[in-house]
Protein chains: 2
Amino acid sequence: MQITKQADYAVRAVMYLSAHGRRHRMATNKIAMDQKIPLSFLAKIISQLSIAGVVHTMRGAKGGVTLSRPASEISLLDVVEAIDGPITLNECVLDASVCPFGENCKVHEVWCEAHTDLMNKLGATDFQTLVSG
Amino acid sequence: MQITKQADYAVRAVMYLSAHGRRHRMATNKIAMDQKIPLSFLAKIISQLSIAGVVHTMRGAKGGVTLSRPASEISLLDVVEAIDGPITLNECVLDASVCPFGENCKVHEVWCEAHTDLMNKLGATDFQTLVSG
DNA sequence: GAAATCATGCAAATTACGAAACAAGCTGAT
DNA sequence: ATCAGCTTGTTTCGTAATTTGCATGATTTC
């Protein structure tokens with residue numbers, strides 16, 4: 001019942017980018033050094049964030065990573081789900097058919113409610129607020 | 001970011017016990033059959049619940065499993081934490097020292113808040129309500 | 001001692017984590 | 001243009017931890 005370290009790293013990387021302004025290109029190894037993230041691991045994470053459309057990467061000399069939209073429009077949920085996939089407290093939240101009891105299950109409701117609360121919380125937290133507030 | 005299947009099984013097992021009354025001794029294999037849980041896996045889960053003080057087990061013929069207190073005094077949180085250990089959305093929630101940035105981290109606050117919300121939600125849900133409501 | 005039942009140790013499968021090697025793309029100097 | 005050097009993207013691999021499940025052992029009642 002935890003987010004993975006990858007997701008934690010991703011959050012920190014996006015925080016770092018947010019703190020340095022949207023237009024500023026940052027090299028991955030700089031982020032890695034500053035945030036104490038294994039470089040080769042971060043490369044993979046950045047790549048996933050890029051696929052998810054959270055950051056924009058440019059290869060080559062003078063290349064680097066930038067946010068693909070303003071920090072105020074990127075939520076914690078965006079970043080975590082880009083890396084870990086959909087957040088689900090229990091399997092049945094996303095797909096009730098995996099449970100032999102399906103919807104006829106009182107606990108199912110509780111999981112769904114807690115899930116919604118958590119999504120709302122993370123979805124409401126944007127990186128602009130995180131770095132400035 | 002999910003509870004384990006063990007925890008899910010544990011919840012279902014406690015639900016079953018709650019539905020059948022506190023004094024009624026149930027054999028593990030009956031629970032396993034009814035709730036579609038691998039028998040030998042359930043045995044280990046029951047054992048952990050016993051150590052955590054949620055259920056009381058008795059060996060031997062005519063042995064079985066009973067709730068160790070009324071269903072109304074057992075929360076979802078009790079059962080999940082008995083199996084999966086403390087719920088933590090991120091490592092730093094329980095131990096800020098694992099993070100090189102410690103408390104000076106805006107995200108830390110968010111994790112802690114979300115964590116508290118989740119704990120409250122699960123802690124407020126008791127099994128009496130689950131089986132009767 | 002036999003049957004029923006929980007307890008515990010062992011093995012397979014999955015996932016997380018990190019490292020390394022290689023490929024590809026951009027820039028700027030020559 | 002071409003080449004050299006910098007930077008990300010992709011793939012592969014190995015290790016370690018966790019999860020899941022099974023088989024066997026230990027304990028109690030009759």
Side-chain angles (χ1 to χ4, degrees), chain A residues 1-10 12-13 16-17 24-68 80 82-88 90-91 98, chain B residues 1-13 17 24-68 80 82-88 90-91 98:
Chain A
M1 174 64 89
Q2 262 184 222
I3 62 168
T4 62
K5 234 168 216 177
Q6 283 189 55
D8 186 50
Y9 288 158
R12 299 229 292 266
Y16 190 74
L17 288 171
H24 201 323
R25 280 184 204 155
M26 300 296 299
T28 301
N29 68 18
K30 189 132 181 40
I31 304 176
M33 204 123 54
D34 206 88
Q35 299 287 307
K36 306 201 169 47
I37 304 172
L39 174 58
S40 53
F41 202 24
L42 181 57
K44 207 180 303 182
I45 292 168
I46 294 288
S47 175
Q48 282 182 263
L49 287 176
S50 173
I51 293 171
V54 174
V55 302
H56 182 68
T57 62
M58 294 185 60
R59 284 177 159 180
K62 291 286 180 185
V65 186
T66 60
L67 296 181
S68 59
V80 172
I83 304 296
D84 282 354
I87 288 184
T88 61
N90 201 353
E91 236 182 339
V98 298
Chain B
M1 175 65 91
Q2 262 184 224
I3 62 167
T4 62
K5 237 170 212 174
Q6 284 190 55
D8 187 48
Y9 287 159
V11 168
R12 300 229 292 265
L17 288 171
H24 201 323
R25 278 186 205 154
M26 301 295 298
T28 301
N29 69 17
K30 191 131 180 38
I31 304 175
M33 204 123 53
D34 206 88
Q35 298 287 306
K36 307 199 169 44
I37 304 173
L39 172 58
S40 49
F41 198 24
L42 181 58
K44 205 179 301 183
I45 292 168
I46 294 286
S47 175
Q48 282 183 261
L49 287 176
S50 173
I51 292 171
V54 174
V55 302
H56 184 68
T57 62
M58 296 185 58
R59 282 179 160 184
K62 290 288 179 185
V65 187
T66 61
L67 295 181
S68 58
V80 172
I83 303 297
D84 281 356
I87 288 184
T88 61
N90 201 354
E91 238 183 338
V98 298

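All chains are named by letter (A, B, ...) in the order of the sequence lines, taking the proteins before the strands, and each is independently numbered beginning at 1.
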Would you list the protein and nucleotides 20-23 of chain D atom pairs, both N or O, that sit under 3.5 Å from each other?
unit_1: dT20(D); atom_1: OP1; unit_2: Lys5(B); atom_2: N; d: 3.1
unit_1: dT20(D); atom_1: OP2; unit_2: Lys5(B); atom_2: N; d: 3.2
unit_1: dT20(D); atom_1: OP2; unit_2: Gln6(B); atom_2: N; d: 3.4
unit_1: dG21(D); atom_1: O6; unit_2: Lys44(B); atom_2: NZ; d: 2.3

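- Under a 3.5 Å cut-off, the side chain of Thr88(B) and the backbone N or O of Glu91(B) do not form any donor-acceptor pair.
- Rounded to whole Å, atom C1' of dA17(D) lies 13 Å from atom CD of Glu91(B).
- The side chain of Thr28(A) places no N or O atom within less than 4.0 Å of a non-bridging phosphate oxygen (OP1 or OP2) of dT7(D).
- As rounded to whole Å, 12 Å separates atom P of dA19(C) from atom CD1 of Ile45(A).
- Taking NZ of Lys5(B) as the reference point, atom CD1 of Ile45(B) lies at 11.0 Å (rounded to 0.5 Å).
- Under 4.0 angstrom from either OP1 or OP2 of dA7(C) there lies at least one side-chain N or O belonging to Thr57(B).
- Gln48(B) and Ala82(B) make their closest contact through NE2-O, 3.9 Å (heavy atoms, listed as atom of the first residue, atom of the second, distance).
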Just the table, please: protein N/O against nucleotides 27-30 of chain D N/O, every pair under 3.5 Å.
unit_1: dT27(D); atom_1: O4'; unit_2: Arg59(B); atom_2: NH1; d: 2.7
unit_1: dT28(D); atom_1: O2; unit_2: Ala61(B); atom_2: N; d: 3.2

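- For Val65(A) against Leu17(A), the heavy-atom pair with the smallest separation is O-CD2, 3.7 Å.
- Rounded to whole angstrom, the span from the CG atom of Asp84(B) across to the C1' atom of dT18(D) amounts to 11 Å.
- Nearest-nucleotide assignment on DNA chain D puts the 5′-proximal partner with Val65(A), out of Met1(A) and Val65(A).
- The residue among Ser50(B) and Gly63(A) whose nearest nucleotide of DNA chain C is located toward the 5' end is Ser50(B).
- Regarding Met26(A), its CE atom lies at a distance of 10 Å from the P atom of dT8(D), rounded to whole Å.
- Side-chain atoms of Thr28(B) do not come within 3.5 Å of backbone N or O of Ala43(B) as any donor-acceptor pair.
- Judged purely by atom type and a 3.5 angstrom limit, Arg25(B) has no side-chain atom pairing as donor or acceptor with the backbone of Gly63(B).
- Summarising the geometry, the separation between CG on Leu42(A) and C1' on dC17(C) is reported as 14 Å, rounded to the nearest angstrom.
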(request) Go through Val55(A) and Ser50(A) one step at a time and tell me if the side-chain contact (heavy atoms from CB on, under 4.5 Å) criterion holds. (result) CA-CA 5 Å; Val55(A) 302; Ser50(A) 173; 4.2 Å; yes
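- Between Thr66(B) and His24(B), the shortest heavy-atom distance links the atoms CG2-O, 3.9 Å.
- The distance between atom CD1 of Ile46(A) and atom P of dG9(D), rounded to the nearest whole Å, is 8 Å.
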(message) Could you go through Tyr9(A) and Gln35(A), starting from their C-alpha distance and side-chain angles, then the distance that decides it, and tell me whether this counts as side-chain contact (heavy atoms from CB on, under 4.5 Å)?
(response) CA-CA 8 Å; Tyr9(A) 288 158; Gln35(A) 299 287 307; over 6 Å; no
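- Between the CD1 atom of Ile31(B) and the C1' atom of dT5(C) there is a distance of 12 Å, given to the nearest Å.
- The CZ-C1' distance, from Arg25(A) to dC6(D), rounds to 13 Å in whole Å.
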